[in-house]
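Let me begin by presenting the structure, written as structure tokens, before commenting on it.
Keep in mind it's a predicted model, so treat the numbers as computed, not measured. Residue numbers begin at 1 in each chain, while the letters A, B, ... track the order of the sequences.
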Protein chains: 2
Amino acid sequence: MKTLRPAAPAAHQILSIVTFLSTQRGPAAAASVAAALGLPRSTVYRLLGVLVEHGYAIHYPEAQRYGVGIAAFELSSGFTRQEPLARLGAPILATLVDKIGESAHLAVLNGRDVVYLVEERAPHRPALITDVGVRLPSHVTASGRALLATLPAAQLRALFPNAEAFTVRTARDAYSLRDLRAVLATVRANGFAAEDEDVTEGLASVAVAVRDHSGWPAAGIAVTFPRDHIDPERWPDLAGEIRHYADELSRRIRGATA
Amino acid sequence: MKTLRPAAPAAHQILSIVTFLSTQRGPAAAASVAAALGLPRSTVYRLLGVLVEHGYAIHYPEAQRYGVGIAAFELSSGFTRQEPLARLGAPILATLVDKIGESAHLAVLNGRDVVYLVEERAPHRPALITDVGVRLPSHVTASGRALLATLPAAQLRALFPNAEAFTVRTARDAYSLRDLRAVLATVRANGFAAEDEDVTEGLASVAVAVRDHSGWPAAGIAVTFPRDHIDPERWPDLAGEIRHYADELSRRIRGATA
DNA sequence: ATTAACAGTCTCACATACGAGACACCGGAT
DNA sequence: ATCCGGTGTCTCGTATGTGAGACTGTTAAT
């Protein structure tokens with residue numbers, strides 16, 4: 001096999017190293033990295049140094065081991081980025097909840113997951129799985145579906161390249177990309193996303209996406225309620241309500257994009 | 001005071017690029033990457049190519065943008081690593097729950113969070129926040145504390161370098177590293193970790209760590225119960241029970257480490 | 001004390017990866 | 001039609017990053 005042309009050894013190697021570190025149960029010795037990847041010792045030390053500098057690896061001197069650094073984890077948690085969104089979203093969610101009397105969330109897409117940034121619980125409503133900071137597989141949640149539905153096909157494929165991407169969680173969401181695409185097609189057709197006891201028994205949710213100035217989905221707003229409180233026929237109306245607030249948030253985001 | 005010599009430009013740059021991509025709200029244009037980081041165009045394209053190859057970036061051709069790839073997210077979700085753990089842990093949890101009649105989980109440490117891999121709910125017990133796949137800040141959960149307590153001081157410091165590391169979630173867990181260290185000290189003294197309404201009102205948990213062959217904490221087993229069911233005086237006994245099963249899992253892990 | 005194994009640092013000659021810049025392409029204005 | 005601003009590709013000379021290996025320091029075994 002050729003494809004020799006565009007090489008950048010240091011770049012390749014450093015990515016191999018982080019990947020390797022992340023597959024190890026705990027921190028790994030420099031030598032084992034070198035052995036596993038077939039790299040020269042001096043190179044490994046140099047690159048580990050760079051990784052540590054950037055926070056993608058941590059060196060534990062007493063153990064003489066190297067582990068994955070917090071920068072690597074922050075690639076996916078990025079709360080800094082989301083904090084303004086949460087600040088802008090919270091008051092809007094509050095009025096939304098006041099108006100309709102059911103609980104609501106604000107969530108963002110993060111890899112294949114959604115992360116919940118704000119939760120506003122309506123009075124006399126059950127506690128929800130989705131506390132702030134919780135992360136759930138996007139394809140089973142209403143806000144996740146609302147967000148996924150806005151993505152181009154290519155990206156969807158990239159996010160869920162194989163069946164494995166769907167597995168692991170509970171048994172009940174045995175999905176395929178084909179299934180997901182069907183679900184998202186109805187989302188686009190309806191103009192809103194829903195989830196009916198896919199997350200918690202007895203609860204359903206309706207969600208819409210909030211777009212930023214470039215049209216990209218910045219967040220999702222979902223309302224969750226006991227499923228027998230609102231007839232499915234009325235979900236589109238509910239979605240309409242939500243969209244009103246989503247648009248408001250959308251407007252505020254555009255203003256505040258630093 | 002410069003550490004002049006040991007540079008590896010491609011390595012530095014590629015890390016800067018992923019970091020940059022992750023700070024952008026949505027995907028970014030190659031040109032904006034070059035501009036933001038002050039890098040030559042050809043270099044940026046080459047490195048983006050490498051990132052895409054490794055799955056750390058995705059290229060959206062129709063949008064002509066580059067975004068963070070799933071490999072980056074998998075750095076922290078590392079389910080590959082955890083799947084065997086879940087397989088081995090599930091039957092053990094089942095017998096544990098049978099024996100003591102309360103719900104239990106298996107969780108692993110992941111950056112500053114714990115991720116729940118297995119949940120075994122006891123009959124007639126309330127549903128829990130911690131469904132499978134859910135992620136919570138480690139320092140407020142029992143299993144998280146059990147795991148954190150086994151880490152060397154240096155790593156703890158590395159995980160929680162500043163006050164910010166603790167923030168963001170709910171207001172009630174306004175922690176400092178000092179506080180956390182105190183909590184972990186009692187965990188070590190008691191030989192088990194506990195959590196009393198720190199996650200959900202009315203519920204408490206007791207947890208112990210499962211160590212792998214190198215002594216590293218591989219997972220935590222926690223039992224969660226209505227807090228008035230079990231008197232705090234009896235928590236140590238409960239912890240003893242759990243430890244029995246933790247040791248069993250520990251033994252199985254050692255055998256199965258591929 | 002001696003040896004050995006291993007972590008981490010440093011140097012230096014040479015192969016080669018880097019980056020300037022040219023080129024091709026595409027879509028939107030005019 | 002022609003221009004223009006933009007993305008992505010490719011080439012090629014040379015500055016420079018790479019990696020073999022020597023060196024230091026530490027721990028553990030004999």
Given D:dG8, is OP1 or OP2 found less than 4.0 Å from the side-chain N or O atoms of B:Tyr66?
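Checking B:Tyr66 against D:dG8: at least one side-chain N or O falls below 4.0 Å of OP1 or OP2.
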Measuring to OP1 and OP2 of C:dG8, would you say a side-chain N or O of A:His59 lies under 4.0 angstrom away?
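Yes, A:His59 has a side-chain N/O under 4.0 Å of OP1/OP2 on C:dG8.
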With distance as the sole criterion, is a donor-acceptor pair present between the side chains of A:Asp179 and A:Ser176 under 3.5 Å?
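Yes.
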Please report the distance, rounded to the nearest Å, between [atom1] in [X] and [atom2] in [N].
X: B:Tyr60; N: D:dG8; atom1: OH; atom2: P; value: 13 Å
X: B:Tyr45; N: C:dA20; atom1: OH; atom2: P; value: 15 Å
X: B:Leu51; N: D:dG8; atom1: CG; atom2: C1'; value: 16 Å
X: B:Leu48; N: D:dT7; atom1: CG; atom2: P; value: 12 Å
X: B:Leu37; N: C:dC18; atom1: CG; atom2: P; value: 16 Å

Could you list the protein-to-nucleotides 18-20 of chain D atom pairs, N/O on both sides, closer than 3.5 Å?
| from | atom 1 | to | atom 2 | distance (Å) |
| --- | --- | --- | --- | --- |
| D:dG19 | OP2 | A:Thr43 | OG1 | 2.7 |
| D:dG19 | N7 | A:Arg46 | NH2 | 3.0 |
| D:dA20 | N7 | A:Ser42 | OG | 3.2 |
| D:dA20 | N6 | A:Ser42 | OG | 3.3 |

Listed once per pair and sorted, the salt bridge (Lys or Arg N to Asp or Glu O under 4.0 Å) pairs that draw on residues 140-159 of chain A, sequence neighbours left out
A:Arg145-A:Asp198
Sequence-distant partners of A:Tyr45, side-chain contact (heavy atoms from CB on, under 4.5 Å), two or more places apart:
A:Ala30, A:Arg41, A:Tyr66
B:Ala36 meets the side-chain contact (heavy atoms from CB on, under 4.5 Å) criterion, sequence neighbours left out, with B:Phe20
Which residues pass the ring-ring contact (aromatic ring centres under 6.0 Å, His included) test with B:Tyr56, not counting sequence neighbours?
none
What pairs with [X] under side-chain hydrogen bond (donor to acceptor under 3.5 Å, both in side chains), at least two apart in sequence or on another chain?
X: B:Gln64; answer: none
X: B:Gln13; answer: none
X: A:Thr43; answer: none

Angle, rounded to 10°, between the helical axes spanning five pairs at each terminus of the helix from C:dA1-D:dT30 to C:dT30-D:dA1?
30°
